[in-house]
2 protein chains.
Amino acid sequence: MSGAPRPIPAGTVLFRAGDPCRGFVLLHEGSLRVTLTAANGREVVLYRVAPGEVCLQTFSCLVEGRDYSARGLAETDLLAEVIPSADFHRAMADDEAFRARVFGAVAQRFADFERLVEDVALTGFPARLARALLRLARGGNSVRATHEQLAGETASGRAVVSRQLARFAEEGLVETLRGEIRLCDPGALARLARDG
Amino acid sequence: MSGAPRPIPAGTVLFRAGDPCRGFVLLHEGSLRVTLTAANGREVVLYRVAPGEVCLQTFSCLVEGRDYSARGLAETDLLAEVIPSADFHRAMADDEAFRARVFGAVAQRFADFERLVEDVALTGFPARLARALLRLARGGNSVRATHEQLAGETASGRAVVSRQLARFAEEGLVETLRGEIRLCDPGALARLARDG
DNA sequence: CGGGCGTCGGTGATAAAGTCACCGAGCGAG
DNA sequence: CTCGCTCGGTGACTTTATCACCGACGCCCG
């Protein structure tokens, strides 16, 4: 398409709220976390961009000429390609496959947002936390994350997470270590995640 | 593009969660409200589709072949055009103006979702309610809505809205009538909406 | 006009969630 | 080992949400 993919080390902030937008980001490898930060410092994870996806934070910027409204952080080392605005528009016009890819990303983001809203607005905290654990475990039975990070995932406070995890541990659903949560009974967690 | 715009009376449910998707909706006139409903019956307003915009709930469906995940209700009488999937894809390929319009709608939805998440996850209830009132007043100084509806807008409960409105009334910010709220001090409300 | 009835809103009681502050435990660096 | 930092546990409190109930209003109809 254009521009060579370039490596970006984990921990890099690709963009922050208020930044002007430089180009369209297509991710080849790694995980990009997009978050929203409140005035008081609280932070929620909006979604993650996976390999093969395009970052749509960028999309809104390019289309409307707006600045970024959220923060993008490289969760792992990345391999990403930055496509200039003109090239992006041309590819959208000419390249069927590229269009399909962007559409897919848009649909995925919508689904993510809907999930997030449903979680935050309609779901009790225990189920929300169970969902976050299952999501972050990605099929495995262990999550490497601090309570602080889980608070970001659940749009809640660190103390709230600590207490709920303690309750889960009492019931034998999880085991908590420093910086890691082991899922002892993923089935029960999944049931809790579904049934509220 | 295709298909004639057709009138739809207020109150019509255009789609509900789980429905298969029939086509791509382009709105000419009126206001379409898209909501998410919980198992327990609680409902939040995700966003509204305005004239000239496309309904992106439809978008995700067509692109990914998924069913609807939310509910679409005609808030007023509508004039809408339904574009078959094939026509939609062709227009996206060929028609620059159509593409620009769809992109605009996507960007708008993203902004709406971000606002919603920010409201629900990062903002205290009084500010959230103030924002909802200002948004629904659309520059005017009166909102025609029941407390129930405002609960949907703020992703909260009816009783919570009642109490907060009573407090606003005490402070002289609003005056409450049956089915209507008068904004007596929009400036103060705006300040509250901004500063949390 | 005067009931009957459905929606709307006020309110008390209680539970859940979030906030704040503090402290001790674990871990790594020097 | 000790310093210093992050991590997590916990008590006390505030805010928000939920549940249940009831009176007020509007409307239709006899």
Without decimals, in angstroms, what is the distance between [X] [atom1] and [N] [atom2]?
| X | N | atom1 | atom2 | result |
| --- | --- | --- | --- | --- |
| A/Arg144 | D/dG8 | CZ | P | 10 Å |
| B/Asn40 | D/dA17 | CG | C1' | 11 Å |
| A/Glu148 | C/dG18 | CD | C1' | 14 Å |
| A/Arg42 | C/dA17 | CZ | P | 14 Å |
| B/His147 | C/dT11 | NE2 | P | 11 Å |
| A/Leu177 | D/dG8 | CG | C1' | 12 Å |
| A/Asp119 | C/dA17 | CG | P | 13 Å |
| B/Leu150 | C/dG10 | CG | P | 12 Å |

How would you label the contact of B/Ala159 with the nucleic acid (heavy atoms, under 4.0 Å): base, sugar-phosphate, or nothing?
base
Give me, pair by pair, the N or O atoms of the protein and of nucleotides 13-16 of chain D that are less than 3.5 Å apart, along with how far apart they are.
| residue | atom | partner | partner atom | Å |
| --- | --- | --- | --- | --- |
| D/dT16 | OP1 | B/Phe125 | N | 3.0 |

Is any side-chain heavy atom of [Y] closer than 4.5 Å to one of [X]?
| X | Y | result |
| --- | --- | --- |
| B/Leu165 | B/Leu150 | yes |
| A/Val45 | A/Arg33 | yes |
| B/Arg109 | B/Tyr47 | yes |
| A/Arg48 | A/Leu32 | no |

Lys/Arg-Asp/Glu bridge criterion (N-O < 4.0 Å) met for [X], [Y]:
| X | Y | result |
| --- | --- | --- |
| B/Arg178 | B/Glu180 | no |
| B/Asp95 | B/Arg99 | no |
| B/Asp87 | B/Arg90 | yes |

Across all chains, not counting sequence neighbours, the ring pair (Phe, Tyr, Trp, His ring centres under 6.0 Å) partners of B/Phe168 are none
I want to verify a distance call: between [options], whose nearest atom is closest to the [X] side chain?
| X | options | result |
| --- | --- | --- |
| B/Ser162 | C/dG10, C/dC8, C/dA25 | C/dG10 |
| B/Arg178 | C/dA13, D/dA24, D/dG9 | D/dA24 |
| A/Arg163 | C/dA13, C/dT19, D/dA20 | C/dT19 |

Terminal helix-axis angle for the helix from C/dC1-D/dG30 to C/dG30-D/dC1, with five pairs defining each axis and rounding to 10 degrees
20°
Does the base of D/dG9 carry an N or O that pairs as donor and acceptor with the side chain of A/Arg158 under 3.5 Å?
yes
Of the options B/Arg128, B/Arg135, B/Arg131, which is the one that meets B/Glu153 in a side-chain hydrogen bond (donor to acceptor under 3.5 Å, both in side chains)?
B/Arg135
